[in-house]
Amino acid sequence: MIDLINNYREFFLRGVFESIFLFIFFILIVKKTNIVKIFKSNKNTNLLILTFFLIFFMQVIDRFQYFYPQKFDLYPFARFAMYQAAPDGVELTSYRFCILDEADNCRIINISKVYSTIGLPSLSSRMKYLIDEFPSTEKEIEYWLSSLERLTIENDKKIVFQKIELENSKVTTLNMVEVNIEK
Amino acid sequence: MRNKFKFYKLSNIENFNYKALLIIWIQYILFDRFTELSNLNVSLIHKRGAVRLIPIDIIFNDFISTSFLYILKLLVLVLLIFNLINNNKNSLYVLITLVYFYELIKKGFGGHLDHRILTLYIFTIIVTMSLNNDFSNSKQAFSFAYLFFFLQYFFIGTARLFSGFPEIFLDDTFKNWILQRSLRPNFFNLQFGLKISEYINLEYLNIIFFSSTLIEVLAIGCIFYSKKYVKYICTLLILFHIGIYLFMAVNFIENIFLLIIFIRSINKDLLDEKIYYFR
(Lines give C-alpha, C1' and ligand atoms only; values in the text may rest on other atoms or scores of the structure.)
Protein backbone atom coordinates (compact mmCIF):
# COMPACT_ATOMS: atom_id res chain seq x y z
CA MET A 1 0.00 0.00 0.00
CA ILE A 2 2.81 2.43 0.94
CA ASP A 3 4.53 1.60 -2.36
CA LEU A 4 1.35 2.38 -4.28
CA ILE A 5 0.94 5.70 -2.47
CA ASN A 6 4.54 6.62 -3.32
CA ASN A 7 4.17 5.56 -6.95
CA TYR A 8 0.89 7.36 -7.47
CA ARG A 9 1.37 10.40 -5.25
CA GLU A 10 -0.75 12.83 -7.30
CA PHE A 11 -3.53 10.25 -7.61
CA PHE A 12 -3.37 9.74 -3.85
CA LEU A 13 -3.45 13.49 -3.07
CA ARG A 14 -6.45 13.97 -5.33
CA GLY A 15 -8.03 11.12 -3.35
CA VAL A 16 -7.43 13.01 -0.11
CA PHE A 17 -9.27 16.06 -1.53
CA GLU A 18 -12.09 13.79 -2.70
CA SER A 19 -12.38 12.31 0.81
CA ILE A 20 -12.55 15.79 2.37
CA PHE A 21 -15.28 16.71 -0.12
CA LEU A 22 -17.24 13.53 0.71
CA PHE A 23 -16.90 14.25 4.41
CA ILE A 24 -18.31 17.79 3.96
CA PHE A 25 -21.09 16.34 1.78
CA PHE A 26 -21.90 13.82 4.51
CA ILE A 27 -22.05 16.51 7.22
CA LEU A 28 -24.29 18.70 5.03
CA ILE A 29 -26.70 15.84 4.32
CA VAL A 30 -26.94 14.99 8.02
CA LYS A 31 -27.32 18.62 9.18
CA LYS A 32 -29.44 20.13 6.43
CA THR A 33 -31.90 17.38 5.49
CA ASN A 34 -34.42 15.14 7.23
CA ILE A 35 -32.30 12.02 6.64
CA VAL A 36 -31.53 11.35 10.31
CA LYS A 37 -35.22 11.56 11.22
CA ILE A 38 -36.10 9.03 8.50
CA PHE A 39 -33.31 6.67 9.57
CA LYS A 40 -34.50 6.85 13.18
CA SER A 41 -38.03 5.91 12.17
CA ASN A 42 -36.89 2.46 11.05
CA LYS A 43 -36.72 -0.51 13.42
CA ASN A 44 -33.25 -1.46 12.26
CA THR A 45 -31.70 2.01 12.57
CA ASN A 46 -28.34 0.78 13.91
CA LEU A 47 -27.85 -1.80 11.17
CA LEU A 48 -28.80 0.74 8.53
CA ILE A 49 -26.37 3.32 9.91
CA LEU A 50 -23.62 0.67 10.01
CA THR A 51 -24.31 -0.27 6.37
CA PHE A 52 -24.19 3.32 5.16
CA PHE A 53 -21.11 3.95 7.28
CA LEU A 54 -19.35 1.00 5.58
CA ILE A 55 -20.40 2.29 2.16
CA PHE A 56 -18.87 5.72 2.96
CA PHE A 57 -15.84 4.17 4.69
CA MET A 58 -14.95 2.00 1.68
CA GLN A 59 -15.48 4.93 -0.67
CA VAL A 60 -12.76 6.78 1.21
CA ILE A 61 -10.41 3.90 2.08
CA ASP A 62 -10.61 1.45 -0.81
CA ARG A 63 -8.22 3.20 -3.21
CA PHE A 64 -6.38 1.18 -5.88
CA GLN A 65 -9.32 -1.22 -6.11
CA TYR A 66 -8.40 -2.05 -9.71
CA PHE A 67 -5.08 -3.52 -8.64
CA TYR A 68 -5.09 -7.30 -8.45
CA PRO A 69 -4.65 -9.25 -6.22
CA GLN A 70 -5.91 -7.31 -3.20
CA LYS A 71 -4.82 -8.38 0.28
CA PHE A 72 -7.77 -6.81 2.06
CA ASP A 73 -11.43 -6.36 1.24
CA LEU A 74 -14.77 -5.95 2.97
CA TYR A 75 -16.90 -7.68 0.36
CA PRO A 76 -19.64 -6.74 -0.58
CA PHE A 77 -18.52 -3.25 0.35
CA ALA A 78 -16.16 -1.77 -2.20
CA ARG A 79 -15.41 1.67 -3.54
CA PHE A 80 -17.72 2.88 -6.30
CA ALA A 81 -15.53 4.31 -9.00
CA MET A 82 -15.08 3.49 -12.66
CA TYR A 83 -13.40 5.07 -15.63
CA GLN A 84 -11.44 7.29 -13.28
CA ALA A 85 -8.01 8.66 -14.21
CA ALA A 86 -5.62 6.03 -15.50
CA PRO A 87 -2.30 6.99 -13.80
CA ASP A 88 -0.33 4.70 -16.15
CA GLY A 89 -2.25 5.73 -19.26
CA VAL A 90 -4.62 3.45 -21.16
CA GLU A 91 -2.78 0.50 -22.64
CA LEU A 92 -4.23 -0.50 -25.97
CA THR A 93 -3.72 -4.19 -25.31
CA SER A 94 -6.04 -7.15 -25.33
CA TYR A 95 -5.91 -10.94 -25.12
CA ARG A 96 -7.18 -13.85 -27.13
CA PHE A 97 -7.64 -17.58 -26.75
CA CYS A 98 -7.04 -19.43 -29.96
CA ILE A 99 -7.41 -23.09 -30.93
CA LEU A 100 -4.95 -24.07 -33.66
CA ASP A 101 -5.63 -26.93 -36.03
CA GLU A 102 -2.98 -28.98 -37.84
CA ALA A 103 -2.60 -26.28 -40.51
CA ASP A 104 -2.11 -23.64 -37.76
CA ASN A 105 -5.44 -21.99 -38.54
CA CYS A 106 -6.76 -20.08 -35.53
CA ARG A 107 -10.27 -20.60 -34.26
CA ILE A 108 -10.93 -17.86 -31.69
CA ILE A 109 -12.59 -18.91 -28.47
CA ASN A 110 -14.64 -16.11 -26.96
CA ILE A 111 -13.55 -16.45 -23.34
CA SER A 112 -15.95 -13.69 -22.25
CA LYS A 113 -18.83 -15.85 -23.51
CA VAL A 114 -17.52 -19.15 -22.15
CA TYR A 115 -16.96 -17.61 -18.71
CA SER A 116 -19.54 -14.84 -18.90
CA THR A 117 -20.49 -15.70 -15.33
CA ILE A 118 -17.29 -14.04 -14.03
CA GLY A 119 -18.31 -10.71 -15.52
CA LEU A 120 -16.50 -8.94 -18.35
CA PRO A 121 -14.68 -6.18 -16.38
CA SER A 122 -13.52 -8.62 -13.73
CA LEU A 123 -12.42 -11.22 -16.30
CA SER A 124 -10.56 -8.57 -18.30
CA SER A 125 -8.62 -7.32 -15.28
CA ARG A 126 -7.65 -10.92 -14.46
CA MET A 127 -6.39 -11.43 -18.03
CA LYS A 128 -4.49 -8.13 -17.87
CA TYR A 129 -2.83 -9.37 -14.70
CA LEU A 130 -1.85 -12.63 -16.47
CA ILE A 131 -0.18 -10.60 -19.23
CA ASP A 132 1.45 -7.99 -16.98
CA GLU A 133 2.91 -10.50 -14.53
CA PHE A 134 4.09 -13.00 -17.16
CA PRO A 135 6.14 -15.27 -16.85
CA SER A 136 5.23 -15.80 -13.19
CA THR A 137 1.63 -16.38 -14.33
CA GLU A 138 2.52 -19.07 -16.86
CA LYS A 139 1.06 -21.90 -14.77
CA GLU A 140 -2.17 -19.95 -14.29
CA ILE A 141 -2.47 -19.34 -18.03
CA GLU A 142 -2.00 -23.07 -18.62
CA TYR A 143 -4.93 -23.77 -16.31
CA TRP A 144 -7.13 -21.36 -18.29
CA LEU A 145 -6.02 -22.98 -21.55
CA SER A 146 -6.62 -26.52 -20.28
CA SER A 147 -10.14 -25.60 -19.24
CA LEU A 148 -10.91 -24.95 -22.92
CA GLU A 149 -9.77 -28.37 -24.14
CA ARG A 150 -13.37 -29.57 -24.03
CA LEU A 151 -14.13 -27.16 -26.88
CA THR A 152 -11.65 -28.73 -29.29
CA ILE A 153 -12.52 -30.98 -32.21
CA GLU A 154 -10.72 -33.79 -33.99
CA ASN A 155 -8.04 -31.97 -36.00
CA ASP A 156 -7.16 -29.41 -33.36
CA LYS A 157 -3.55 -29.36 -32.20
CA LYS A 158 -2.96 -26.60 -29.64
CA ILE A 159 -4.64 -23.95 -27.56
CA VAL A 160 -2.82 -20.64 -27.37
CA PHE A 161 -3.05 -17.57 -25.14
CA GLN A 162 -2.19 -14.47 -27.14
CA LYS A 163 -1.50 -10.87 -26.30
CA ILE A 164 -3.00 -8.34 -28.73
CA GLU A 165 -1.58 -4.85 -29.17
CA LEU A 166 -2.97 -1.91 -31.11
CA GLU A 167 -0.41 0.59 -32.31
CA ASN A 168 -0.94 3.20 -35.03
CA SER A 169 -4.17 1.44 -36.07
CA LYS A 170 -2.22 -1.78 -36.56
CA VAL A 171 -3.03 -4.90 -34.56
CA THR A 172 -0.18 -7.24 -33.59
CA THR A 173 -0.51 -10.65 -31.99
CA LEU A 174 2.00 -12.32 -29.70
CA ASN A 175 1.79 -15.98 -28.60
CA MET A 176 2.44 -16.14 -24.89
CA VAL A 177 1.60 -19.66 -23.68
CA GLU A 178 0.37 -22.73 -25.51
CA VAL A 179 -0.74 -26.19 -24.50
CA ASN A 180 -0.87 -29.25 -26.70
CA ILE A 181 -4.20 -30.99 -26.96
CA GLU A 182 -4.07 -34.50 -25.58
CA LYS A 183 -5.81 -36.95 -27.87
CA MET B 1 -66.44 -7.84 -1.42
CA ARG B 2 -65.58 -4.38 -2.66
CA ASN B 3 -63.33 -3.68 0.35
CA LYS B 4 -61.67 -7.05 -0.02
CA PHE B 5 -60.91 -6.30 -3.64
CA LYS B 6 -59.49 -2.92 -2.72
CA PHE B 7 -57.28 -4.45 -0.04
CA TYR B 8 -56.02 -7.08 -2.46
CA LYS B 9 -55.20 -4.41 -4.98
CA LEU B 10 -53.45 -2.24 -2.39
CA SER B 11 -51.30 -5.09 -1.06
CA ASN B 12 -50.19 -5.89 -4.58
CA ILE B 13 -49.26 -2.31 -5.28
CA GLU B 14 -47.27 -2.04 -2.07
CA ASN B 15 -45.35 -5.21 -2.81
CA PHE B 16 -44.76 -4.46 -6.45
CA ASN B 17 -41.23 -3.09 -6.00
CA TYR B 18 -40.21 -5.96 -3.78
CA LYS B 19 -41.49 -8.54 -6.26
CA ALA B 20 -39.85 -6.67 -9.13
CA LEU B 21 -36.54 -6.77 -7.25
CA LEU B 22 -36.86 -10.56 -6.92
CA ILE B 23 -37.61 -10.88 -10.64
CA ILE B 24 -34.44 -8.91 -11.46
CA TRP B 25 -32.51 -11.46 -9.39
CA ILE B 26 -34.29 -14.40 -11.05
CA GLN B 27 -33.38 -13.25 -14.57
CA TYR B 28 -29.78 -12.75 -13.46
CA ILE B 29 -29.39 -16.17 -11.80
CA LEU B 30 -31.37 -18.00 -14.50
CA PHE B 31 -29.20 -16.79 -17.39
CA ASP B 32 -25.96 -17.01 -15.44
CA ARG B 33 -23.60 -19.73 -16.76
CA PHE B 34 -22.43 -20.42 -13.24
CA THR B 35 -21.71 -24.14 -13.66
CA GLU B 36 -19.07 -23.42 -16.33
CA LEU B 37 -16.77 -22.61 -13.41
CA SER B 38 -16.44 -26.35 -12.73
CA ASN B 39 -13.98 -26.42 -15.67
CA LEU B 40 -11.53 -24.05 -14.01
CA ASN B 41 -8.86 -25.27 -11.65
CA VAL B 42 -9.73 -24.40 -8.08
CA SER B 43 -6.23 -22.97 -7.50
CA LEU B 44 -7.25 -20.03 -9.74
CA ILE B 45 -9.66 -18.77 -7.08
CA HIS B 46 -8.53 -15.60 -5.39
CA LYS B 47 -10.18 -15.73 -1.98
CA ARG B 48 -12.12 -12.71 -0.86
CA GLY B 49 -14.35 -11.84 2.10
CA ALA B 50 -15.47 -14.77 4.25
CA VAL B 51 -14.24 -17.23 1.58
CA ARG B 52 -10.72 -16.54 2.90
CA LEU B 53 -11.68 -18.69 5.89
CA ILE B 54 -12.84 -21.66 3.80
CA PRO B 55 -10.21 -24.14 2.54
CA ILE B 56 -11.85 -24.50 -0.90
CA ASP B 57 -8.78 -26.16 -2.39
CA ILE B 58 -8.94 -28.88 0.29
CA ILE B 59 -12.71 -29.37 0.07
CA PHE B 60 -12.59 -29.71 -3.72
CA ASN B 61 -9.98 -31.76 -5.47
CA ASP B 62 -8.67 -29.61 -8.38
CA PHE B 63 -12.15 -28.59 -9.60
CA ILE B 64 -15.35 -27.43 -7.93
CA SER B 65 -17.89 -30.15 -8.66
CA THR B 66 -20.60 -29.33 -11.18
CA SER B 67 -23.25 -30.79 -8.89
CA PHE B 68 -22.22 -28.42 -6.08
CA LEU B 69 -22.52 -25.43 -8.40
CA TYR B 70 -25.88 -26.69 -9.73
CA ILE B 71 -27.25 -27.19 -6.23
CA LEU B 72 -26.11 -23.72 -5.13
CA LYS B 73 -27.70 -22.11 -8.18
CA LEU B 74 -30.89 -24.12 -7.72
CA LEU B 75 -31.11 -23.23 -4.02
CA VAL B 76 -30.82 -19.53 -4.83
CA LEU B 77 -33.53 -19.86 -7.49
CA VAL B 78 -35.85 -21.83 -5.19
CA LEU B 79 -35.45 -19.21 -2.46
CA LEU B 80 -36.16 -16.41 -4.92
CA ILE B 81 -39.33 -18.13 -6.14
CA PHE B 82 -40.36 -18.92 -2.55
CA ASN B 83 -40.03 -15.24 -1.69
CA LEU B 84 -41.98 -14.29 -4.77
CA ILE B 85 -44.92 -16.28 -3.41
CA ASN B 86 -44.44 -15.62 0.32
CA ASN B 87 -43.14 -12.62 2.18
CA ASN B 88 -40.61 -14.09 4.57
CA LYS B 89 -37.76 -12.06 6.00
CA ASN B 90 -35.79 -15.02 7.35
CA SER B 91 -35.66 -16.69 3.96
CA LEU B 92 -34.49 -13.37 2.52
CA TYR B 93 -31.53 -13.41 4.92
CA VAL B 94 -30.74 -17.00 3.87
CA LEU B 95 -30.93 -15.86 0.24
CA ILE B 96 -28.52 -12.99 0.89
CA THR B 97 -26.05 -15.37 2.58
CA LEU B 98 -26.21 -17.87 -0.29
CA VAL B 99 -25.75 -15.14 -2.91
CA TYR B 100 -22.73 -13.91 -0.94
CA PHE B 101 -20.91 -17.21 -1.51
CA TYR B 102 -22.35 -17.61 -5.02
CA GLU B 103 -20.85 -14.28 -6.04
CA LEU B 104 -17.55 -14.79 -4.26
CA ILE B 105 -16.95 -18.09 -6.06
CA LYS B 106 -17.51 -16.31 -9.37
CA LYS B 107 -15.44 -13.26 -8.52
CA GLY B 108 -12.68 -15.49 -7.19
CA PHE B 109 -11.89 -16.40 -10.80
CA GLY B 110 -11.92 -12.76 -11.86
CA GLY B 111 -9.69 -9.79 -11.14
CA HIS B 112 -11.11 -6.68 -9.48
CA LEU B 113 -14.62 -6.52 -8.02
CA ASP B 114 -16.85 -4.98 -10.66
CA HIS B 115 -20.06 -3.12 -9.78
CA ARG B 116 -22.71 -4.89 -11.83
CA ILE B 117 -24.08 -7.11 -9.09
CA LEU B 118 -22.54 -5.30 -6.12
CA THR B 119 -25.10 -2.53 -6.55
CA LEU B 120 -28.04 -4.92 -6.77
CA TYR B 121 -26.69 -6.95 -3.86
CA ILE B 122 -26.20 -4.01 -1.45
CA PHE B 123 -29.57 -2.64 -2.62
CA THR B 124 -31.21 -5.95 -1.63
CA ILE B 125 -29.41 -6.03 1.73
CA ILE B 126 -30.69 -2.54 2.56
CA VAL B 127 -34.26 -3.40 1.51
CA THR B 128 -34.19 -6.60 3.57
CA MET B 129 -32.81 -5.09 6.75
CA SER B 130 -35.16 -2.12 6.68
CA LEU B 131 -38.37 -4.05 5.95
CA ASN B 132 -40.70 -4.77 8.86
CA ASN B 133 -41.43 -8.46 9.48
CA ASP B 134 -44.89 -8.04 7.94
CA PHE B 135 -43.43 -6.13 4.96
CA SER B 136 -45.74 -3.23 5.75
CA ASN B 137 -43.13 -0.49 5.18
CA SER B 138 -42.08 -1.30 1.63
CA LYS B 139 -42.13 2.39 0.69
CA GLN B 140 -39.66 3.29 3.42
CA ALA B 141 -37.41 0.27 2.78
CA PHE B 142 -37.07 1.19 -0.88
CA SER B 143 -36.42 4.82 -0.03
CA PHE B 144 -33.30 3.72 1.91
CA ALA B 145 -32.21 1.43 -0.92
CA TYR B 146 -32.65 4.18 -3.50
CA LEU B 147 -30.68 6.56 -1.31
CA PHE B 148 -27.77 4.12 -1.66
CA PHE B 149 -28.51 3.58 -5.36
CA PHE B 150 -28.20 7.26 -6.28
CA LEU B 151 -25.34 7.72 -3.85
CA GLN B 152 -23.27 5.21 -5.84
CA TYR B 153 -23.74 7.25 -9.04
CA PHE B 154 -22.73 10.35 -7.08
CA PHE B 155 -19.63 8.53 -5.78
CA ILE B 156 -18.64 7.34 -9.26
CA GLY B 157 -19.03 10.83 -10.73
CA THR B 158 -17.12 12.62 -7.96
CA ALA B 159 -14.36 9.97 -8.01
CA ARG B 160 -13.84 10.64 -11.71
CA LEU B 161 -13.89 14.42 -11.31
CA PHE B 162 -11.43 14.42 -8.40
CA SER B 163 -9.09 11.84 -9.87
CA GLY B 164 -8.88 13.23 -13.37
CA PHE B 165 -10.35 16.71 -13.86
CA PRO B 166 -9.59 18.37 -16.23
CA GLU B 167 -7.00 16.14 -17.99
CA ILE B 168 -9.09 13.04 -18.73
CA PHE B 169 -11.85 15.19 -20.27
CA LEU B 170 -9.38 16.88 -22.62
CA ASP B 171 -6.94 14.19 -23.74
CA ASP B 172 -7.57 10.88 -25.52
CA THR B 173 -8.19 8.78 -22.36
CA PHE B 174 -11.89 8.20 -23.08
CA LYS B 175 -11.29 7.38 -26.73
CA ASN B 176 -8.61 4.88 -25.73
CA TRP B 177 -10.95 3.25 -23.21
CA ILE B 178 -13.54 2.78 -25.97
CA LEU B 179 -10.88 1.32 -28.27
CA GLN B 180 -9.50 -0.94 -25.56
CA ARG B 181 -12.95 -2.27 -24.60
CA SER B 182 -13.77 -2.97 -28.25
CA LEU B 183 -10.46 -4.73 -28.72
CA ARG B 184 -11.12 -7.09 -25.84
CA PRO B 185 -13.45 -10.05 -26.34
CA ASN B 186 -17.05 -9.44 -25.28
CA PHE B 187 -20.21 -11.55 -25.24
CA PHE B 188 -21.60 -10.52 -28.65
CA ASN B 189 -18.21 -9.36 -29.96
CA LEU B 190 -19.60 -5.86 -30.39
CA GLN B 191 -17.10 -3.57 -32.04
CA PHE B 192 -19.14 -0.38 -32.35
CA GLY B 193 -16.49 1.30 -30.19
CA LEU B 194 -13.90 0.97 -32.97
CA LYS B 195 -16.31 2.61 -35.40
CA ILE B 196 -17.39 5.43 -33.10
CA SER B 197 -13.82 6.39 -32.25
CA GLU B 198 -13.07 6.41 -35.97
CA TYR B 199 -15.99 8.60 -37.05
CA ILE B 200 -16.62 10.90 -34.08
CA ASN B 201 -14.18 13.65 -33.17
CA LEU B 202 -12.28 13.40 -29.92
CA GLU B 203 -13.84 16.67 -28.70
CA TYR B 204 -17.38 15.33 -29.08
CA LEU B 205 -16.47 12.10 -27.28
CA ASN B 206 -14.99 14.10 -24.42
CA ILE B 207 -18.12 16.30 -24.22
CA ILE B 208 -20.24 13.13 -23.90
CA PHE B 209 -17.83 11.78 -21.26
CA PHE B 210 -17.89 14.99 -19.23
CA SER B 211 -21.69 15.35 -19.52
CA SER B 212 -22.24 11.77 -18.34
CA THR B 213 -19.97 12.44 -15.35
CA LEU B 214 -22.00 15.53 -14.43
CA ILE B 215 -25.25 13.55 -14.74
CA GLU B 216 -23.81 10.93 -12.38
CA VAL B 217 -22.99 13.62 -9.81
CA LEU B 218 -26.43 15.20 -10.23
CA ALA B 219 -28.14 11.79 -9.85
CA ILE B 220 -28.11 12.24 -6.07
CA GLY B 221 -30.74 14.96 -6.64
CA CYS B 222 -33.25 12.25 -7.65
CA ILE B 223 -34.03 11.62 -3.99
CA PHE B 224 -34.51 15.32 -3.22
CA TYR B 225 -36.19 16.88 -6.22
CA SER B 226 -39.42 16.67 -8.22
CA LYS B 227 -40.83 14.11 -10.65
CA LYS B 228 -39.68 16.09 -13.68
CA TYR B 229 -36.05 16.14 -12.51
CA VAL B 230 -36.15 12.40 -11.75
CA LYS B 231 -37.53 11.57 -15.20
CA TYR B 232 -34.84 13.51 -17.05
CA ILE B 233 -31.90 12.31 -14.95
CA CYS B 234 -33.02 8.65 -14.83
CA THR B 235 -33.72 8.60 -18.58
CA LEU B 236 -30.25 10.01 -19.27
CA LEU B 237 -28.67 7.43 -16.95
CA ILE B 238 -30.52 4.65 -18.79
CA LEU B 239 -29.28 6.01 -22.13
CA PHE B 240 -25.70 6.16 -20.79
CA HIS B 241 -25.96 2.55 -19.60
CA ILE B 242 -27.16 1.48 -23.06
CA GLY B 243 -24.28 3.47 -24.60
CA ILE B 244 -21.75 1.85 -22.29
CA TYR B 245 -23.03 -1.57 -23.34
CA LEU B 246 -22.96 -0.82 -27.07
CA PHE B 247 -19.61 0.94 -27.16
CA MET B 248 -17.73 -0.57 -24.21
CA ALA B 249 -19.59 -3.90 -23.77
CA VAL B 250 -20.14 -3.45 -20.04
CA ASN B 251 -23.53 -4.74 -18.96
CA PHE B 252 -25.53 -2.79 -16.36
CA ILE B 253 -28.96 -4.25 -17.12
CA GLU B 254 -29.85 -4.57 -13.42
CA ASN B 255 -29.21 -0.85 -12.89
CA ILE B 256 -31.47 -0.08 -15.86
CA PHE B 257 -34.24 -2.17 -14.26
CA LEU B 258 -33.77 -0.38 -10.92
CA LEU B 259 -33.97 2.99 -12.68
CA ILE B 260 -37.18 1.98 -14.50
CA ILE B 261 -38.70 0.80 -11.21
CA PHE B 262 -37.75 4.12 -9.62
CA ILE B 263 -39.39 6.19 -12.38
CA ARG B 264 -42.50 4.00 -12.16
CA SER B 265 -42.59 4.22 -8.35
CA ILE B 266 -42.49 8.01 -8.41
CA ASN B 267 -45.27 8.11 -11.02
CA LYS B 268 -47.48 5.59 -9.20
CA ASP B 269 -46.79 7.00 -5.72
CA LEU B 270 -45.04 3.80 -4.64
CA LEU B 271 -42.33 6.12 -3.42
CA ASP B 272 -42.95 9.60 -2.09
CA GLU B 273 -41.89 12.29 -4.50
CA LYS B 274 -39.82 14.04 -1.85
CA ILE B 275 -38.84 11.47 0.76
CA TYR B 276 -35.80 13.44 1.71
CA TYR B 277 -35.82 17.22 1.71
CA PHE B 278 -33.71 20.16 2.79
CA ARG B 279 -34.84 21.76 6.02
Side-chain angles (χ1 to χ4, degrees), chain A residues 11 14-15 17-18 21-22 32-35 38 41-44 47-48 51-52 55 59 65-66 68-69 73 75-76 78-86 90-92 94-96 110-126 128-129 140 143-144 147 150 164 166, chain B residues 32-34 36-37 39-41 43-44 46 48-49 100 104 106-107 109-118 121-122 125-126 129-130 132 140 143-144 148 151-152 155-156 158-160 162-164 167-168 173 176-177 179-180 183-187 189 224 249-251 275-279:
Chain A
F11 187 64
R14 281 170 173 264
F17 287 121
E18 183 201 330
F21 171 79
L22 289 179
K32 299 281 179 191
T33 72
N34 63 337
I35 250 172
I38 293 194
S41 66
N42 191 271
K43 282 182 183 171
N44 260 337
L47 260 179
L48 268 172
T51 306
F52 276 88
I55 292 166
Q59 194 63 23
Q65 80 268 38
Y66 289 107
Y68 174 84
D73 72 274
Y75 187 86
R79 179 172 151 85
F80 285 93
M82 58 181 79
Y83 302 115
Q84 53 181 359
V90 183
E91 286 175 33
L92 290 177
S94 178
Y95 51 88
R96 196 165 79 168
N110 187 348
I111 191 88
S112 65
K113 198 167 189 172
V114 177
Y115 295 119
S116 59
T117 183
I118 296 167
L120 183 64
S122 190
L123 184 69
S124 289
S125 64
R126 182 68 171 255
K128 186 183 178 306
Y129 158 78
E140 264 197 53
Y143 281 139
W144 284 93
S147 80
R150 69 207 147 94
I164 311 282
L166 180 72
Chain B
D32 187 17
R33 299 175 171 189
F34 185 55
E36 287 293 321
L37 297 177
N39 297 299
L40 288 169
N41 194 292
S43 67
L44 293 173
H46 172 59
R48 294 187 171 95
Y100 179 85
L104 278 183
K106 289 166 56 157
K107 296 301 167 198
F109 290 104
H112 77 282
L113 289 170
D114 59 308
H115 298 116
R116 181 180 166 190
I117 294 305
L118 270 187
Y121 188 57
I122 297 175
I125 290 175
I126 294 173
M129 70 170 57
S130 48
N132 288 341
Q140 194 197 43
S143 72
F144 290 125
F148 152 71
L151 205 54
Q152 53 112 22
F155 282 155
I156 291 167
T158 47
R160 194 175 304 135
F162 274 93
S163 73
E167 297 92 327
I168 59 165
T173 304
N176 284 341
W177 270 326
L179 281 173
Q180 188 197 56
L183 208 59
R184 289 175 177 174
N186 60 70
F187 197 88
N189 267 331
F224 291 110
V250 182
N251 186 355
I275 317 154
Y276 305 98
Y277 53 83
F278 288 95
R279 285 182 292 198

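For clarity, every value in this text was computed on a predicted model and none was experimentally measured. Note: hydrogens, waters and symmetry copies are ignored here, and every other heavy atom, side chains too, is used. In what follows, every chain begins at residue 1, and chains take the letters A, B, ... in the order their sequences are listed.
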Exercise. What part of B:Asn251 gets closer than 4.5 Å to chain A, counting heavy atoms only: side chain, backbone, both or neither?
Worked result: neither
For this session: Mind checking the CG-OG spacing from B:Asn186 to A:Ser116? Nearest 0.5 Å is all I need.
Result: 11.5 Å
For this session: With a 4.5 Å cut-off on heavy-atom pairs, point out which of A:Ser122, A:Ser125, A:Ala78 contacts chain B the most.
Result: A:Ser122
Exercise. Could you state the interatomic distance from CG (A:Leu120) to CG (B:Asp114), rounded to the nearest 0.5 Å?
Worked result: 8.5 Å
Problem set entry | Validation row: A:Gln59, B:Leu151 side chains within 4.5 angstrom (heavy atoms) | no
Seminar exercise, completed: Separation between CZ (B:Arg184) and OG (A:Ser112), nearest 0.5 Å, reads 11.5 Å
Problem set entry | Pick from A:Phe11, A:Tyr143, A:Tyr83 with the largest number of heavy-atom pairs that fall under 4.5 Å of chain B | A:Tyr83
Exercise. If you measure from CG on B:Leu113 to CZ on A:Arg79, what distance do you get to the nearest 0.5 Å?
Worked result: 14.0 Å
Problem set entry | Pairwise distance OH(A:Tyr95) to CG(B:Leu183) - rounded to 0.5 angstrom | 10.0 Å
Seminar exercise, completed: Given A:Val90, A:Ile111, A:Leu47, the one with more heavy-atom pairs under 4.5 angstrom with chain B than any other is A:Val90
For this session: Look at the aromatic rings of A:Tyr68 and B:His46 and report parallel, tilted or perpendicular, splitting at 30° and 60°.
Result: perpendicular
Exercise. To the nearest 0.5 Å, how far apart are CD1 in A:Ile118 and CG in B:Leu44?
Worked result: 9.0 Å
Exercise. Does the side chain of B:Ile126 come within less than 4.5 Å of A:Phe52's, by heavy atoms?
Worked result: yes
Problem set entry | Steps toward salt bridge (Lys or Arg N to Asp or Glu O under 4.0 Å) verdict (B:Glu36, A:Lys113) | CA-CA 10 Å; B:Glu36 287 293 321; A:Lys113 198 167 189 172; over 6 Å; no
For this session: Dump the intermediate steps for ring pair (Phe, Tyr, Trp, His ring centres under 6.0 Å) on A:Phe80 and B:Phe148, then the final yes or no.
Result: CA-CA 11 Å; A:Phe80 285 93; B:Phe148 152 71; 5.7 Å; yes
Exercise. Does a side-chain heavy-atom distance below 4.5 Å link B:Arg160 with A:Met82?
Worked result: yes
For this session: Let me know if B:Ile122 has heavy atoms under 4.5 Å from chain A in its side chain, its backbone, both or neither.
Result: side chain
Problem set entry | Flag for B:Gln140-A:Ser41: side-chain donor and acceptor within less than 3.5 Å | yes
For this session: Kindly indicate whether the side chain of B:Asn41, heavy atoms from C-beta on, has any atom under 4.5 Å from the side chain of A:Ser147.
Result: no
For this session: Please examine the side chains of B:Phe109 and A:Leu123, heavy atoms only from C-beta on, and report whether any two atoms are closer than 4.5 Å.
Result: no
Exercise. Who wins among B:Gly49, B:Gly164, B:Ala159 for the most heavy-atom pairs under 4.5 Å with chain A?
Worked result: B:Ala159
Seminar exercise, completed: Under 4.5 Å to a heavy atom of chain A? For B:Asn176 that would be both
For this session: Using only heavy-atom distances, determine whether the side chains of A:Asn44 and B:Ser130 contain a donor-acceptor pair under 3.5 Å.
Result: no
For this session: Decide yes or no for B:Phe155 and A:Leu22: does some side-chain heavy atom of the first lie under 4.5 Å from some side-chain heavy atom of the second?
Result: yes
Problem set entry | Pair A:Asn110-B:Phe187, side-chain contact (heavy atoms from CB on, under 4.5 Å): steps then yes or no | CA-CA 7 Å; A:Asn110 187 348; B:Phe187 197 88; 5.6 Å; no
Exercise. Heavy atoms, side chains only, cut-off 4.5 Å: are B:Pro185 and A:Ser94 in contact?
Worked result: yes
Problem set entry | Side-chain donor/acceptor of A:Glu18 to backbone N/O of B:Ser163, under 3.5 Å | no
For this session: Report yes if some heavy atom in the side chain of B:Asn39 is under 4.5 Å from a heavy atom in the side chain of A:Trp144; otherwise report no.
Result: no
Problem set entry | Between B:Met129, B:Glu167, B:Lys107, B:Arg116, the one whose heavy-atom pairs under 4.5 Å with chain A are most numerous | B:Met129
